Amino acid sequence: MREELSETGVNVTAMLPGATNTNFHLNAGMDSTYFGDEKNKNDKELVAKQGYEALKNKLDHVVCGDEATKKEAEDNKTTPEDVKASRHAKKAKPQQ
């Protein structure tokens with residue numbers, strides 16, 4: 001998308017928010033998972049503000065949310081894909 005719009009003056013910023021306190025997980029049937037627990041979610045107003053600031057500053061991408069989300073994104077740069085996939089799968093399964 002960024003390349004397609006490069007000559008139009010439209011700025012594109014990829015926003016990586018992590019789990020955010022919206023109705024997304026409830027609507028996706030994930031309310032009984034790790035991601036459905038409100039204590040594991042980023043504040044939607046903080047995420048929106050960080051995304052908007054990144055777009056205004058023409059950043060390529062931004063990890064939005066709290067420091068834990070940002071640290072996880074940084075750690076993910078050196079974590080093998082199979083480890084990340086396994087970790088995510090466990091969090092996406094219903095909690096008992």
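The first residue of the sequence shown is numbered 1, and numbering continues consecutively from there. What you see is a predicted model, and the numbers here were worked out from it, not measured in a lab.
Of the inter-residue distances, the one linking K71 atom NZ with D75 atom CG reads 3.5 Å to the nearest 0.5 angstrom. The CG atom of N57 sits 10.0 Å away from the OH atom of Y52 when rounded to the nearest 0.5 Å. Atom OG of S32 sits about 10.5 Å away from atom CG of L26, to the nearest 0.5 Å. Taking NE2 of H61 as the start and CZ of R2 as the end, the distance is 9.0 Å to the nearest 0.5 Å. Atom CG of D43 sits about 11.0 Å away from atom OG1 of T22, to the nearest 0.5 Å.
Residues K44 and T20 share a closest heavy-atom pair of CA-CG2, 3.6 Å. The minimum heavy-atom distance between M30 and A92, with the atom names listed, is CE-CB, 4.1 Å. The heavy-atom pair separating G51 from C64 by the smallest distance is N-SG, 3.7 Å. Taking both residues in full, the closest heavy atoms of N40 and A19 are given as O-CB, 3.9 Å, listed atom of the first, atom of the second, then distance.
Between E53 and K56, at least one side-chain nitrogen of the basic residue sits less than 4.0 Å from a carboxylate oxygen of the acidic one, meeting the salt-bridge criterion.
Between M15 and Q50 the shortest side-chain heavy-atom distance does not fall below 4.5 Å. Between V62 and T13 there is a side-chain heavy-atom pair separated by less than 4.5 Å. Under the 4.5 Å side-chain criterion, counting only non-hydrogen atoms from C-beta, L55 is in contact with N11. Looking at T79 and K84, their side chains come closer than 4.5 Å, going by heavy atoms from C-beta outward.
Sorted by first then second residue, the salt bridge (Lys or Arg N to Asp or Glu O under 4.0 Å) pairs that include residues 87-96, not counting sequence neighbours, are E72-K91.
Contacts of D82 classified as salt bridge (Lys or Arg N to Asp or Glu O under 4.0 Å), with partners at least two apart in sequence or in another chain: none. In this view, D66 and N42, A68, T69 satisfy the side chain to side chain contact (heavy atoms under 4.5 Å, CB included) rule, not counting sequence neighbours.
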> Can you list the steps and then say if D31 with H25 is a side chain to side chain contact (heavy atoms under 4.5 Å, CB included)?
Replying inline: CA-CA 6 Å; D31 50 324; H25 295 96; 5.8 Å; no
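Ring pair H88/F35: centre-to-centre distance below 6.0 Å.
Of the possible donor and acceptor atoms, none in the side chain of S86 sits under 3.5 Å from a partner among the backbone N and O of V83.
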